[in-house]
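Working notes, beginning with the structure itself.
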Amino acid sequence: MKKIFLALTIAAVGLSLSSCGDSKKKDTPEVTTTEEVAAPKEGFEVSISGNDAMQFDKTEIRVPVGETIILTLTHSGKMDKTVMGHNFVVLKTGVDVAAFAEKAAVASDSDYIPQSELNSIIAHTKTIGGGETTTIEFKITEAGTYPFMCTFPAHYALMKGEIIAE
Ligand code: CO
């Protein structure tokens with residue numbers, strides 16, 4: 001969220017600078033309403049973190065059906081993403097989770113997201129390493145229980161849980 005905020009603020013400053021050269025705009029305020037431009041996104045915020053011991057800090061996440069979910073994954077450890085990478089992948093109901101995890105674990109060329117199984121995925125983050133954070137937005141449009149996991153090789157054994165949409 002902070003990164004988005006900063007980027008929008010910079011964009012607003014850029015706009016006001018470029019309008020300086022335009023003499024017609026003298027009577028309008030120099031600075032556009034930064035607050036309006038950088039208004040926080042609306043949505044249901046969720047955070048989850050993974051550590052160097054291959055664990056998520058949550059195994060169950062409750063979310064409202066149909067609302068935008070703003071999910072932030074943080075890697076609270078120090079290890080590099082090549083040895084202790086974490087991502088957050090939400091699957092549709094009915095997917096064979098173990099089979100999916102097996103295919104994902106060998107999908108190193110596509111950041112551990114198996115391109116043959118995209119139909120099984122509702123949402124996913126990128127893979128991050130120690131100290132990093134990433135945010136995604138998605139919606140779940142039907143009430144139910146949805147599996148989530150980290151698809152880094154072997155992490156599925158410990159790093160998994162359920163999203164309950166209600
Ligand atoms: Co992981």
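Because the structure is predicted, anything quoted here is derived from the model rather than measured. Any value given below was found using the heavy atoms of this structure, including those in side chains, with hydrogens, waters and symmetry copies removed. Just so you know, ligand 1 is whichever comes first in the structure, and atom 1 is the first atom listed for that ligand.
Scored by the ring pair (Phe, Tyr, Trp, His ring centres under 6.0 Å) test, His75 finds His86 as partners (sequence neighbours excluded).
Not a single donor-acceptor pair under 3.5 Å links the side chain of Asn51 to the backbone N or O of Ser76.
With 3.5 Å as the limit, one finds no donor-acceptor pair spanning the side chains of Thr125 and Thr134.
The side chain to side chain donor-acceptor pair (under 3.5 Å) pairs that include a residue from residues 110-122 are Lys103-Glu117, Asp111-Thr127, where partners are two or more places apart or lie in different chains.
The minimum distance between the Co ion (ligand 1) and any N, O or S atom of His155 involves atom ND1. Closest approach between the Co ion (ligand 1) and any N/O/S atom of His86 involves ND1.
Vertex the Co ion (ligand 1); arms to Cys150 SG and Gly85 O; angle rounded to 10 degrees, 100°.
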